[in-house]
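Okay, so here's the structure we're looking at.
Bear in mind the structure is a predicted one, so any value in this text is a computation, not a measurement. Numbers for residues simply follow the sequence, beginning at 1.
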Amino acid sequence: MATSISATGFQGNLSSSFHGSWGSSIVGEDYSMLAKSVKTQVRVAKPSRAQPMMKNVNEGKGLFAPIVVVARDIIGKKRFNQLRGKAIALHSQVITEFCKSIGADAKQRQGLIRLAKKNGEKLGFLA
């Protein structure tokens, strides 16, 4: 069962042809040798992706870090994080009101909030 295909290019006399069979061209010993050389089991590992951790680079450092750690241990991590979230939200509101009163735009307000976070990390409030 031989098949012939010809193609002619648009410019000049470029042509190519295929003469062969669409079926299996490897038979007998060649096929068995090829089949033996190919692994039959392939392991596919799940891609391991590091979980992003929002960790403070200054954890345990800073003037207030020991107080923060003791408070977290006394009241529990869950309750402590709730209180810290409320304190951060209140502080952001104070910064926003301050920016409104002096006429600062949103970009300046965001810069002040980022500065407050950096200062909190350095002082140990986010330990």
For the pair Ile75 and Leu83, evaluate side-chain contact (heavy atoms from CB on, under 4.5 Å) and give the outcome as yes or no after the intermediate values.
-> CA-CA 10 Å; Ile75 64 174; Leu83 290 172; 3.7 Å; yes
From CD (Gln110) to SG (Cys99), nearest 0.5 Å | 10.0 Å
Hphob cluster co-occupancy, Phe125 + Ile67, side-chain heavy atoms under 4.5 angstrom = yes
How far apart are the C-alpha atoms of Val68 and Phe80, what are their side-chain angles, what is the distance that settles it, and do they pass the side-chain contact (heavy atoms from CB on, under 4.5 Å) test?
-> CA-CA 9 Å; Val68 170; Phe80 176 79; 3.4 Å; yes
What is the minimum heavy-atom distance between Arg109 and Ile95, and which atoms define it?
-> O-CG2, 4.3 Å
In this structure, CD of Gln108 is separated from CD1 of Ile102 (nearest 0.5 Å) by 7.0 Å
CD1 on Ile88 to CD1 on Ile113, rounded to 0.5 Å | 11.0 Å
Could you state the interatomic distance from NE2 (His91) to OG1 (Thr96), rounded to the nearest 0.5 Å?
-> 10.5 Å
Side chain proximity check, Leu126 to Arg84, heavy atoms < 4.5 angstrom = yes
Any link between Phe98 and Leu90 through a network of hydrophobic side chains (Ile, Leu, Val, Met, Phe, Trp, Tyr) touching at under 4.5 Å?
-> no
Are any of the side-chain heavy atoms of Gln93 and Glu97 separated by less than 4.5 Å?
-> no
